[in-house]
Amino acid sequence: MPTKKPETNKDLKSDHYFQKVYDVTCLIPYGRVSTYGAIADFLGLGSARMVGWALNHSHTQAHIPAHRVVNRKGELSGRLHFATPTLMEEKLALEGIEVVENKVKNMDNLFWHPREIEEY
DNA sequence: AAGGTGACAGGGT
DNA sequence: TACCCTGCCACCT
C-alpha cells in the first residue's frame, strides 16, 4: 500500500515541503533577514538542517530571496552555494544590510520571524 | 549496509 | 562572551 502518511516528518521527501520553504522565504520583507530555525519552527516540519537542504535546491526554482536566510548568529553560512562566494553579501548590501566578516550587522533588529505575518 | 557530512540550533561549561 | 557537545534527519560515499 502506497498511501503513506502525512503529519509525519517523512513528508519531507515531498516537493510540497520544498514549496513551503520557498513560500515562507519569499515572505521575508525586503531589507530584513530570517533564520533556518525560524522557518523550520514556523512550518513545524523537519529541522533547521532540512531548511538548509531545501534552500540548497532553490537555485532551480524561480527568484527566491535565499540570501535573506542566515544562521542564528547572523552568519552567511550559505554564501558558498551561490554563483559566486560574494553574491549573497552583495545582494544583502543592495538592500541596505551591512555585512562584515560574513556576518550580518545589527542582526537583532533585522531579524524577522515568519510569525510576524499575523501582525499585519 | 553503515558511517560521514551538512546553507542549524540550543544548552552546558 | 565564546567554545564545545549533542540532537537533528536526508543525502552521499
Side-chain angles (χ1 to χ4, degrees):
Chain A
M1 294 335 280
T3 39
K4 270 344 260 348
K5 284 9 320 187
E7 293 189 291
T8 72
N9 296 352
K10 306 319 168 191
D11 210 23
L12 293 172
K13 287 189 159 233
S14 68
D15 295 327
H16 177 255
Y17 174 71
F18 277 57
Q19 195 55 55
K20 295 283 274 181
V21 173
Y22 299 155
D23 288 345
V24 176
T25 301
C26 289
L27 291 176
I28 303 172
Y30 179 96
R32 301 288 296 282
V33 298
S34 193
T35 68
Y36 304 95
I39 294 173
D41 177 50
F42 181 73
L43 292 178
L45 278 175
S47 64
R49 282 192 186 286
M50 298 304 100
V51 174
W53 170 58
L55 284 174
N56 185 24
H57 294 300
S58 69
H59 68 86
T60 62
Q61 303 295 308
H63 304 46
I64 295 170
H67 60 283
R68 292 180 194 151
V69 184
V70 299
N71 71 16
R72 103 171 133 147
K73 293 179 281 187
E75 298 171 336
L76 313 194
S77 49
R79 73 182 189 288
L80 298 179
H81 292 266
F82 283 75
T84 72
T86 56
L87 185 57
M88 187 174 184
E89 175 174 348
E90 289 165 18
K91 287 193 172 191
L92 289 172
L94 285 175
E95 302 186 6
I97 297 176
E98 191 178 353
V99 177
V100 179
E101 296 285 309
N102 297 317
K103 258 181 303 191
V104 172
K105 274 302 174 189
N106 201 22
M107 176 69 183
D108 293 334
N109 292 75
L110 297 178
F111 174 65
W112 178 85
H113 193 293
R115 213 186 315 278
E116 293 181 35
I117 296 171
E118 301 169 11
E119 297 180 7
Y120 282 95

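All heavy atoms count here, side chains included; hydrogens, waters and symmetry mates do not. Chain letters run A, B, ... following the sequence lines, proteins first and then strands; every chain starts at 1.
- Residue pairs meeting the salt bridge (charged side-chain N to carboxylate O under 4.0 Å, His left out) criterion with at least one member in residues 47-60 of chain A: none, sequence neighbours excluded.
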Distance-only check: which donor-acceptor pairs under 3.5 Å involve side-chain atoms of residues 84-93 of chain A, not counting sequence neighbours?
unit_1	atom_1	unit_2	atom_2	d
A/Thr84	OG1	A/Leu87	N	3.1
A/Thr86	OG1	A/Glu90	OE2	2.8

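- Note on A/Ala66: a base of the nucleic acid sits closer than 4.0 angstrom, heavy atoms only.
- Extent of DNA chain B lying under 4.0 Å from chain A heavy atoms, first and last nucleotide in 5' to 3' order, is B/dG6 to B/dG10.
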Listed pairs, N/O of protein and of nucleotides 1-3 of chain C, under 3.5 Å:
none

>> Run A/Trp112 and A/Tyr30 through ring-ring contact (aromatic ring centres under 6.0 Å, His included) and show every step you take.
In response: CA-CA 11 Å; A/Trp112 178 85; A/Tyr30 179 96; over 10 Å; no
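- Residues passing the salt bridge (Lys or Arg N to Asp or Glu O under 4.0 Å) test with A/Glu98: none are found, sequence neighbours excluded.
- The OH-P distance, from A/Tyr17 to C/dC9, rounds to 10 Å in whole Å.
- Taking the centre of each ring, A/Phe82 and A/His67 stay at or above the 6.0 Å mark.
- In this structure, A/Asn56 reaches the bases: a heavy-atom distance under 4.0 Å links it to at least one base atom across the strands shown.
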>> Test salt bridge (Lys or Arg N to Asp or Glu O under 4.0 Å) on A/Arg68 and A/Glu95; report intermediate values, then the result.
In response: CA-CA 10 Å; A/Arg68 292 180 194 151; A/Glu95 302 186 6; 2.9 Å; yes
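- Residues A/Tyr22 and A/Tyr17 form no side-chain contact, since every pair of their non-hydrogen atoms from C-beta on lies 4.5 Å or further apart.
- Sequence order on DNA chain C of the closest nucleotides to A/Arg49 and A/His57 puts A/Arg49 first from the 5' end.
- Listed by chain and number, the residues in a salt bridge (Lys or Arg N to Asp or Glu O under 4.0 Å) with A/Lys73 are A/Glu75 (sequence neighbours excluded).
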